Amino acid sequence: MENQMALDMNQHVLLPVLQEARNVLMESKGGKEKSSSSSSLQHEAPLGYTVEDIRPNGGIKKFQSAAYSNPSPHRSFSDEVAVLNQFFGSLESGGDAYVIGDSANADRKWHIYYAATKPELPMVTLEMCMTKLNTERALIFFKNSVEGHECPAKAMTKLSGISNIIPEMEICDFDFDPCGYSMNGIHGPSLSTIHVTPEEGFSYASYEAMGFDPLTLVQQDLIERVLRCFDPSEFSLAVTIFGGRRLAGTWTDEILLDGYTCKERVEQDLSGGGLLIYQAFAASSVAAVSPGPTLHY
Ligand SMILES: C[S@@+](CC[C@H](N)C(=O)[O-])C[C@H]1O[C@@H](n2cnc3c(N)ncnc32)[C@H](O)[C@@H]1O
């Protein structure tokens, strides 16, 4: 998870680091608040990042976000792993790093860093990375497309269908100027987050959810609801399971999606008893990508 990963960095850390490696690391570590009494909060940059911008987000302090530049060593995964090991390598599980995906395609790899002090509680986490969004769906995340609505972010949440993904979730959403969208959702122990970059040519949306009951929430239904919001030409997803397959309900199933071809499926055991299932999909008309191995660092 991105923001949610900041929950308890002393206990455990599972960092999915995809194309936006620097952002994920930044958000996982979290900008540390220096003063909560001031109305203009100061943030400390994590892991040597420089704070460039801090935006208020709906007035909810814990959902604030910040943008950072990415100086070395945050330009290569090996360097990132070396830095993370300094922080987390001495935890009971040690620090384990994995790169999963197509080794021939630099844009199609899933980077994972895992470290824990104690066995994980049973938990399923879904992470989706969607690219080449449908142009009309992407337009919803431009502010000028929701002109006239009192709150652009709320309009985007509703018009895109994001509010229907897990309808019970209380959503804190944020619109960027002139385009872009982020939200965090919460319902009991379940958390979710979405970040959308809608610009043509490099459009991208991420969806992540954790803490839900895997025996009642059906994997395929949830994924289909997410896809309806963005209609991407390509996407990959990672399901991380702690607690064993028996408690994971439908979350170990292979998913079959109308209009998409599964290009790759990898199952990777994680230290600490976890299982990661990675799958990559492309809209059925998109040319096939050859599967690649899992590389261990
Ligand atoms: C969803 S936001 C970035 C999400 C990122 N994880 C974060 O919290 O910084 C990305 C989209 O917002 C737009 N955007 C507008 N102003 C921005 C800003 N100050 N910082 C980051 N993105 C901004 C970008 O062009 C892009 O379409």
Side-chain angles (χ1 to χ4, degrees), residues 1-7 15-33 40-41 43-71 74 80 107 110-111 127-147 151-157 159-163 165 171-186 191-210 226 229-232 235-236 238:
M1 302 295 294
E2 292 190 356
N3 298 337
Q4 283 82 351
M5 285 306 299
L7 284 177
L15 300 181
V17 192
L18 200 61
Q19 292 155 335
E20 287 191 303
R22 59 196 178 281
N23 287 341
V24 175
L25 278 168
M26 174 273 286
E27 290 174 355
S28 300
K29 180 71 179 159
K32 207 160 80 192
E33 190 182 316
S40 60
L41 296 168
H43 283 245
E44 211 173 84
L47 298 175
Y49 286 86
T50 310
V51 179
E52 289 177 343
D53 178 29
I54 295 175
R55 297 176 296 277
N57 192 352
I60 297 179
K61 216 162 52 180
K62 66 180 173 180
F63 290 158
Q64 282 180 330
S65 64
Y68 301 92
S69 59
N70 60 326
H74 311 294
E80 305 264 6
D107 293 336
W110 202 272
H111 297 75
E127 296 159 276
M128 294 173 68
C129 164
M130 295 162 275
T131 50
K132 301 183 185 167
L133 311 184
N134 171 286
T135 308
E136 281 176 27
R137 305 305 299 166
L139 273 179
I140 295 170
F141 302 97
F142 282 77
K143 254 179 155 167
N144 61 9
S145 76
V146 290
E147 247 164 5
C151 176
K154 296 256 165 298
M156 292 173 184
T157 301
L159 291 170
S160 61
I162 286 171
S163 50
I165 296 176
I171 288 177
C172 174
D173 36 25
F174 183 80
D175 53 88
F176 291 79
D177 201 8
C179 67
Y181 168 95
S182 289
M183 81 81 168
N184 289 278
I186 186 164
L191 303 166
S192 69
T193 187
I194 291 179
H195 301 274
V196 186
T197 291
E199 287 101 325
E200 186 86 42
F202 49 94
S203 61
Y204 167 79
S206 63
Y207 176 81
E208 301 162 31
M210 68 188 294
V226 175
C229 300
F230 306 108
D231 193 13
F235 73 97
S236 52

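Along the sequence shown, residues carry numbers from 1. Numbering of ligands and ligand atoms starts at 1, following listing order. Model, not experiment: these values are computed from the prediction.
- For the ring pair (Phe, Tyr, Trp, His ring centres under 6.0 Å) test, residues two or more places apart in sequence or in another chain that qualify with Phe230 are Phe141.
- Here Tyr207 pairs with nothing under the ring pair (Phe, Tyr, Trp, His ring centres under 6.0 Å) rule; sequence neighbours left out.
- One side chain, Thr157 or Tyr181, offers a donor N or O that lies under 3.5 Å from an acceptor on the other.
- Within ligand 1, counting atoms from 1 as listed, the ones closer than 4.0 Å to a heavy atom of Asp177 are 15 (C), 16 (N).
- With a 4.0 Å cut-off on non-hydrogen atoms, Tyr181 touches ligand 1 through its backbone and not its side chain.
- Side-chain atoms of Thr193 come within 3.5 Å of backbone atoms of Met183 as a donor-acceptor pair (strictly under, hydrogens ignored).
- Residue Gly180 approaches ligand 1 through these ligand atoms, each under 4.0 Å from one of its heavy atoms: 11 (C), 12 (O), 27 (O).
- Here is the list of ligand 1 atoms found below 4.0 Å of a heavy atom in Pro198: 27 (O).
- Every atom of ligand 1 with a heavy atom of His195 under 4.0 Å away is listed here by number and element: 4 (C), 6 (N).
- Aromatic pair Tyr204/Phe202: centroids not less than 6.0 angstrom apart.
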